[in-house]
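Note sheet for the following structure.
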Amino acid sequence: MTDLLKNLNENQKAAVLHTDGPLLILAGAGSGKTRVITHRIAHLISTGVKPWNIFAVTFTNKACEEMKKRVMTIVGPQGNSVFIKTFHSAAVYILRRFGEDIKIPSSFTIYDTGDQEDVIKRILASMNLDPKKVKPSMIASKISEVKDSERFIDGVDVSLLLPDYFSFNFEEIFKKYQEKLAENNALDFNDLLIKTVELLRNSKRALTELQRMWQYFMIDEYQDTNHSQYIIAKYLASATKNICVVGDDDQSIYSWRGADIRNILTFEKDYEKTKIITLGENYRSSKQILDAAYSVIQNNGNRKDKNIIAFRGDGERAVWCMANNEYGEGEFVVNTILSIKSREKLKNSDFAIFYRTNAQSRIFEDFLRRENLPYRIIGGLKFYERKEIKDILAYLKFLVNPGDTVALRRIINTPARGIGKASQDRIAEIAEKENLPEWVVIRDELMTGRVPKGLDDFRKIIVKLMRMMETVPGELTLSQFMKSVIDITGYRESLREENTLESNSRLDNLDELLNSIYDYEQTFPDAAPANFIQDISLYTSEENPSDDPEAKTNSITLMTVHNAKGLEFPVVFLTGMEEDTFPHKLSVDTDEGIEEERRLCYVGITRAMDRIFLTSTDLRRSYMGPEYKRPSRFLSEIPRDLLDVKSYTSEYSGGRDYSGGGYSYNGYSPQRRESAASAAPVKKYQLPVEDKNSVLPPVELAEQQELSATGSQFLLRERVLHPKYGPGRIVKIEGSGDNIKLTISFGITNRVFMEKYTPLQKMN
DNA sequence: CTCACGCTCTTTTTT
DNA sequence: AGAGCGTGAG
């Protein structure tokens, strides 16, 4: 067992050896935190603690997976018996076992954000509120915010928690929402935690039982816990007080979700005789990277200053590359990857591209595909959020829980059976009047008047599937049953008939779903449909289930900075380092907002082991049109001697253009070209000729603008007056002679005209 | 009732 | 650039 401690420093050792009593580990980035946790688990087991007596929770699915993997490598198969979960899945486990004590049937389903919004939409409709003026997503996040709040969890009435500035009755919506969920036997993400708190408060039996089972607690990312998570931990650990929490206030990035940084700052007050251990040595990043990261985070006022010691040598300087636009940024990133790969023996999986928002991923994907570089995206468009997957899972949800009207609405006319809105409303009406579930109205054929033919089909399909499901698992495996669901409902058939590119990809996705169910039942052979449904809802942040392991290890990773927490890569690209992108526009108004963005930036930089590239653009297109960008303030917080500044200009524009006069200019004039040492352009793309000039050139390059060689009487970028559309600007000239086509931008929209037939007037 | 088309609005991070 | 909605034809 001395082996276990061999590769640890003094503080890490102390943390591993302190097994009994409260322990607070302040673990800076790269300080070997996960290592300590896993070794600590191994050490506990080696001293005779049973694996199933250990409870370890992390915050995200990915971190959880990582921890499981690493525990398994150290302790072997008995690692399987250690309870390692996310907070939410731990809550599901607890509620499934003991929820009956507070009247939560164990068959409850979990509503994700989409389901929540469906419920809210229907409530808004019933209250005659315009979903355009009152956005369901806004209501959903407000509801979530209330439910996350400390006072709500401590029992304060909703009416006292609501701001009074709403033009509508929020309280009524809230109450109806809660009723609807109860009616549907559903819990949302907040409920999982809240109900667990309620259970632990009210069920002595549950608490005793759980406390007997779990005697050692470990909570990772403690700075990200919200109030209910804090309470849950407190209840569970109250018997033994063997609680070890790990965190770093500099990496708190979830306050918008109710995470309360005070939980870590006051831990020592909550638990008497807390032992505090600081892990201040960074083993991950080379010194220059660490210094850059540190120079950023130092600008936060509200933090405990810590002395982070770089263990590694100086390494390479951080690079800041200013690109002319997002295509330049994408090209720079991909070129740099190719260039590094050609010089150094690095695998694709050694590279990661981070961005602030998921929407930024697309351009990187395009460039990576172009170069045939395999990549995988974490988060973003999630597999289980695809329409066809949600549809089929909605069938299963409904079969398991026929009270789930959200699922019913989803499937009743999917595929189309001629049961339209009118019929659906009538069913709901009858159900309301007779005080029966909607499904019973359908099942017992209580509908009067004109009954759509398809309704009878639907009834038969559901009854048949319900009978079939009774034989699962047993006669039928879950995956066999799900295959039947896809077939019997006619879903597969309707996609086959469509026979488009899209429908075929949907069919593929359904096969992937069946594969993932098959995998699931290998792990849990006795799993009933209900268990599967419950597990799957929490699985949403997982990547595509069919990603084969090979691809996983040989792919470049793309993800948001939030998703990057806890991970590390030899080469990191932190992209979109512009004001209003990172820090994000919606966070810049408050000091707290800025500080959280800064912590996020710190998290991003400290993921890098050997090299970090920060990129910004001068001009970025969004759906609002092109916008001039100023470099992120975080860049200016890094001293110049820690930054290698480059610039990169791409002529590629993705076949689109930036022109049209309508872009906003927020006062920044790019005066950077003097340092224009172009970075590692390994390879220029073959550009379609007509794309060549379609990027609006930077101001100082404007004079280099070539004259159009097509024989047009107009010049590129010339201002013209169109008789019908008014003033515009020529952004593209194609063809020659009588066949010249002009693309003219009028603010947001572009239109193409034949020069010959269009009476344009020059405007200069 | 369904489908297709065109219009509008979209602006963060995740369990 | 894309989703979601309303409208109008079949």
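In what follows, chains are A, B, ... by sequence order, proteins preceding strands, each numbered from 1. Values in this document were obtained by computation on a predicted structure and should not be read as measured data.
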A:Lys585 vs A:Gly420, nearer the 5' end of DNA chain B by closest nucleotide: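 Per heavy-atom nearest nucleotide, the more 5' residue is A:Gly420.
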A:Asn190 vs A:Thr357, nearer the 5' end of DNA chain B by closest nucleotide: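 Between the two, 5'-proximity favours A:Thr357.
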Could you check how far [atom1] of [X] sits from [atom2] of [N], rounded to whole Å?
X: A:Lys147; N: B:dT14; atom1: NZ; atom2: P; result: 21 Å
X: A:Leu600; N: B:dT14; atom1: CG; atom2: P; result: 10 Å
X: A:Ile94; N: B:dT15; atom1: CD1; atom2: P; result: 19 Å
X: A:Gln360; N: B:dT10; atom1: CD; atom2: P; result: 20 Å
X: A:His584; N: B:dT11; atom1: NE2; atom2: C1'; result: 6 Å
X: A:Asp580; N: B:dT11; atom1: CG; atom2: P; result: 16 Å
X: A:Arg426; N: B:dC1; atom1: CZ; atom2: C1'; result: 14 Å
X: A:Ile143; N: B:dT15; atom1: CD1; atom2: C1'; result: 17 Å

Base B:dT13 paired with A:Arg356 side chain (donor-acceptor, <3.5 Å):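 Checked by distance alone, the answer is yes.
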Short N-O contact, A:Lys397 and A:Asp115, less than 4.0 angstrom: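 Counted as a salt bridge, because a side-chain N and a carboxylate O are separated by less than 4.0 Å.
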pi-stack flag for A:His88 and B:dT15, centroid dist under 5.5 Å, interplanar under 30°: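 Stacking is absent between B:dT15 and A:His88, given that the ring centres and planes do not meet under 5.5 Å and under 30°.
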A:Trp256 aromatic ring stacked with six-membered ring of B:dT13, 5.5 Å and 30°: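 Yes, A:Trp256 stacks on the base of B:dT13.
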Polar side-chain atom of A:Ser252 near backbone of A:Asp249 as donor-acceptor pair, under 3.5 Å: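 It does not hold such a pair.
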With no hydrogens and no angle check, do the side chains of [X] and [Y] hold a donor and an acceptor under 3.5 Å apart?
X: A:Asp391; Y: A:Thr414; value: no
X: A:Glu329; Y: A:Thr615; value: yes
X: A:Asp188; Y: A:Gln116; value: no

Within less than 4.0 Å of OP1 or OP2 of [N], is there a side-chain N or O belonging to [X]?
X: A:Thr560; N: B:dT14; value: yes
X: A:Asn413; N: B:dC1; value: no
X: A:Ser423; N: B:dC1; value: yes
X: A:Asn226; N: B:dT15; value: no
X: A:Asn563; N: B:dT13; value: no

Geometric class of the A:Tyr355/A:Phe364 ring pair [parallel <30°, tilted 30-60°, perpendicular >60°]: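 Judged by the thresholds at 30° and 60°, the geometry between A:Phe364 and A:Tyr355 is parallel.
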Whole-Å C1' distance, C:dG6 and B:dT11: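 Rounded to whole Å, the distance is 24 Å.
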Proximity to the side chain of A:Leu586 - top-ranked nucleotide from B:dT11, B:dT14, B:dT15: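 It is B:dT11.
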Touch class at under 4.0 angstrom, heavy-atom based, for A:Tyr254 against every strand present: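 Sugar-phosphate: the residue A:Tyr254, judged by heavy atoms under 4.0 Å, touches backbone atoms but no base.
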